[in-house]
Amino acid sequence: MIIYFRCTSKDETVSGVDRWIECHKDEIVLKCWMSLQIAALPGKDTFIVLHDELNPGALEFMKESQTCTTEYIEIEPHDIQDRAHTFKLLDILEEKVNERINNGLEEEIHYIVEDDYLHTRESLNTCRQVFGEKMWEHFVVPYDYPDRYTIDKQACGLMVGSACHWRTNPSGTYTLMAQAKTWKEALPIMRKHAPHNFTEEAFQLYPCISPVPGVATHLTKYHMTPIVDWKALWSQL
């Protein structure tokens with residue numbers, strides 16, 4: 001699995017939604033980073049860190065605590081609402097996906113993840129499993145938004161897996177994973193919508209599922225994945 005971790009010390013959220021907890025942005029970045037280090041498989045997973053005005057101390061901590069081979073790419077300074085980091089991400093993703101497909105790795109998983117998603121220890125293995133068992137071949141998101149059960153009235157499909165149940169989703173954030181072959185087909189849609197969210201259109205062609213219960217959460221108010229004790233996990237990191 002290749003994990004593209006996008007991070008910044010900028011306090012403001014792109015969506016404008018308040019964060020789950022009041023603390024310095026660097027603490028959120030590093031807690032989420034550590035949760036991924038615990039979930040990743042050293043020697044098998046690799047990280048590409050796209051850092052956008054990340055404080056030097058936070059960047060140094062990440063380098064000292066990495067558990068997998070990691071490449072660090074600095075994004076030129078820009079206003080957060082310009083989302084210039086998304087265009088850079090798409091260039092890197094396209095390059096890596098084409099490289100892997102040319103080397104016969106069209107089923108390798110590529111995971112784009114933003115810096116305010118906290119992961120459980122089993123998160124990456126749970127998602128890896130649904131691909132490895134040939135149960136699914138399109139998009140997967142590890143979080144389970146609570147509004148799917150309140151505001152969202154769209155019908156969803158439910159699938160039984162060996163580790164958990166899986167439900168379909170009509171849209172997602174820019175934290176999601178798929179195999180290289182799916183990313184290659186979806187990249188024109190991503191370019192069309194960049195720098196904004198592409199998932200609503202893409203998921204009509206390449207459906208998306210998430211585990212129930214979820215194995216990661218977006219650390220913003222009103223969006224926390226249900227059931228999991230995220231406060232306990234946060235305090236352990």
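Both backbone and side-chain heavy atoms feed into the values below; hydrogens, waters and symmetry mates do not. Sequence positions, counted from 1, serve as the residue numbers for this chain.
Ring centroids of Trp20 and Tyr222 are separated by 6.0 Å or more, keeping the two rings apart. Centroid-to-centroid, the aromatic rings of Phe5 and Trp33 come within less than 6.0 Å. Checked against the 6.0 Å centroid criterion, the rings of His223 and Tyr145 qualify as a close aromatic pair. Ring to ring, Phe198 and Tyr174 are close: their centroids are under 6.0 angstrom apart. Residues Tyr111 and Tyr4 place their aromatic rings such that the two centres sit no closer than 6.0 Å.
A 6.0 Å sphere centred on CD of Glu200 holds no more than 12 heavy atoms belonging to other residues, nucleotides or ligands. Taking a 6.0 Å sphere around NZ of Lys88, one finds it holds 12 or fewer heavy atoms contributed by other residues, nucleotides or ligands.
You'll find the side chain of Thr46 stays beyond 4.5 Å of the side chain of Thr70, heavy atoms only. Side chains of Leu219 and Tyr117 form no contact here, defined as non-hydrogen atoms less than 4.5 Å apart. By the 4.5 Å heavy-atom criterion applied to side chains, Val141 and Thr175 are not counted as neighbours.
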Please determine whether salt bridge (Lys or Arg N to Asp or Glu O under 4.0 Å) holds for the pair Lys10 and Glu53, giving the CA-CA distance in whole Å, both sets of side-chain angles, and the decisive distance to 0.1 Å.
CA-CA 7 Å; Lys10 298 172 184 176; Glu53 297 186 52; 3.5 Å; yes

- [ ] Run the numbers on Arg128 and Asp45 for salt bridge (Lys or Arg N to Asp or Glu O under 4.0 Å), then give the verdict.
- [x] CA-CA 11 Å; Arg128 223 186 300 266; Asp45 295 332; 2.8 Å; yes

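In this structure a side-chain-to-backbone donor-acceptor pair under 3.5 Å is present from Ser9 to Asn55.
With respect to the salt-bridge test (charged N to carboxylate O, under 4.0 angstrom), the residues Lys25 and Asp116 do not qualify. A salt bridge does not link Glu95 with Arg100: none of the charged nitrogens is closer than 4.0 Å to a carboxylate oxygen. In summary, Glu94 and Arg191 engage in a salt bridge, as defined by a charged side-chain N under 4.0 Å from a carboxylate O.
Linking ILVMFWY residues whenever their side-chain heavy atoms come closer than 4.5 Å, directly or via other members, places Leu237 and Trp234 in the same cluster. Residue Met224 is not grouped with residue Val215 when hydrophobic side chains (ILVMFWY) are merged at heavy-atom distances under 4.5 angstrom, including chains of intermediate members.
A donor and an acceptor atom, one from each side chain of Glu201 and Tyr206, are nowhere located under 3.5 Å apart.
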